Amino acid sequence: GAVVSQHPSWVICKSGTSVKIECRSLDFQATTMFWYRQFPKQSLMLMATSNEGSKATYEQGVEKDKFLINHASLTLSTLTVTSAHPEDSSFYICSAEGGMDNEQFFGPGTRLTVL
Amino acid sequence: RKEVEQDPGPFNVPEGATVAFNCTYSNSASQSFFWYRQDCRKEPKLLMSVYSSGNEDGRFTAQLNRASQYISLLIRDSKLSDSATYLCVVNGGGGADGLTFGKGTHLIIQP
């Protein structure tokens, strides 16, 4: 099946720093990727839809200036958490849309801890 | 507002038992329906898609009732390895659209 990777798998940073997370589709091209966030004991929540070559579409309540998304190629989308704060600590998961049924394939997730 | 509601459990069942989960969704325009499985601190993995005609994959059977906006999952002859959180997921349709996840139902299979 299709493989999606994320890097890094975990990161610990100080409050105020920016963190970049990469999402790659390894064996297929994805014009659309999605970024989700999951807090402990909560459901995955869609943050934004990343479209190759155009601006991302953000869900209500997600600050586009804080969570910068760049989808510069058909196999790579990046999410940058700018000026991270402890409340941004979460499990960030990307997915890439592909296949005949436009199935979403998930990356392994990035666990962000902001001190 | 898109919502998917599930009983969070936990469901504690003995190995070999049959267990059923269900969920309801609020967006009547939803087009695609799925059950995902998520293990602790891991990404969700697709278990099966759900169709109106019902579908079966080994010990797993999924049903969709569009009129009632209700989705079910049945697991027969449960195994210890079935212990996980099962996520009910819908897609709003209309082209590229993110998935809406339920909070999940936690299943614990006991030996």
Side-chain angles (χ1 to χ4, degrees), chain A residues 1-6 9-10 21 23 30-62 69 71 77 90-113, chain B residues 1-11 21 23-27 30-52 55 57 62 64 71 84-108:
Chain A
V3 179
V4 175
S5 70
Q6 274 185 248
S9 56
W10 59 271
I21 303 170
C23 176
T31 55
T32 304
M33 293 184 175
F34 302 90
W35 287 96
Y36 296 84
R37 177 169 57 179
Q38 185 177 32
F39 292 106
K41 298 187 178 181
Q42 298 295 313
S43 60
L44 274 77
M45 295 295 293
L46 179 65
M47 298 176 67
T49 302
S50 172
N51 304 297
E52 188 268 336
S54 64
K55 291 183 179 181
T57 305
Y58 290 81
E59 294 298 298
Q60 191 173 9
V62 179
I69 292 172
H71 194 155
S77 175
S90 188
F91 190 45
Y92 291 86
I93 307 175
C94 73
S95 70
E97 193 172 70
M100 297 185 66
D101 296 327
N102 283 335
E103 181 182 345
Q104 288 192 30
F105 301 94
F106 283 84
T110 297
R111 194 161 299 279
L112 170 64
T113 302
Chain B
R1 182 177 173 218
K2 302 176 187 177
E3 285 187 350
V4 177
E5 302 283 344
Q6 290 182 254
D7 181 344
F11 284 46
F21 307 138
C23 84
T24 57
Y25 60 96
S26 61
N27 184 357
S30 298
Q31 295 294 319
S32 305
F33 309 88
F34 311 91
W35 282 102
Y36 276 74
R37 170 193 169 130
Q38 187 175 26
D39 293 292
C40 188
R41 301 174 76 85
K42 298 285 189 181
E43 78 277 20
K45 292 187 184 296
L46 179 65
L47 180 65
M48 58 197 304
S49 299
V50 189
Y51 306 109
S52 296
N55 49 304
D57 183 2
L64 166 66
I71 306 165
T85 297
Y86 290 83
L87 307 172
C88 180
V89 184
V90 305
N91 183 314
D97 197 4
L99 299 175
T100 300
F101 284 79
K103 286 189 177 181
T105 297
H106 189 41
L107 173 65
I108 302 170

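Note on naming: letters A, B, ... go to the chains in the order of the sequence lines (proteins, then strands), and numbering restarts at 1 for each one. In this text the structure is predicted, and so the values were computed from the model without any measurement.
- In this structure, chain A has no heavy atom under 4.5 Å from any part of B:Phe34.
- Closest approach of A:Phe91 to B:Lys42, counting heavy atoms only: CE2-O, 3.7 Å.
- Within the 4.5 angstrom heavy-atom criterion, atoms from both the backbone and the side chain of A:Leu44 approach chain B.
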The test is side-chain contact (heavy atoms from CB on, under 4.5 Å); show your working for A:Lys41 and B:Lys103 and say whether it passes.
CA-CA 8 Å; A:Lys41 298 187 178 181; B:Lys103 286 189 177 181; over 6 Å; no
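- The salt bridge (charged side-chain N to carboxylate O under 4.0 Å, His left out) search around B:Lys45 returns B:Glu43, not counting sequence neighbours.
- For the atom pair OH of A:Tyr36 and CZ of B:Phe101, the computed distance is 5.0 Å after rounding to the nearest 0.5 Å.
- When all heavy atoms are compared, the tightest approach of B:Gly102 to A:Ser43 is O-CB, 3.2 Å.
- Neither the backbone nor the side chain of B:Gln6 comes within contact range of chain A, judged by heavy atoms closer than 4.5 Å.
- A distance of 7.5 Å separates OG1 in B:Thr100 from CG in A:Leu46, rounded to the nearest 0.5 Å.
- For chain B, the nearby part of A:Gln38 is the side chain; its heavy atoms alone come within less than 4.5 Å.
- Annotation: side chain of B:Leu99 is not in contact with side chain of A:Ser95 (no heavy-atom distance under 4.5 Å).
- The CD atom of A:Glu97 sits 7.5 Å away from atom CG of B:Asn91, with the distance rounded to the nearest 0.5 Å.
- Of the residues considered (B:Thr85, B:Leu46, B:Val89, B:Leu87), B:Leu46 shows the highest number of contacts with chain A, using heavy-atom pairs under 4.5 Å.
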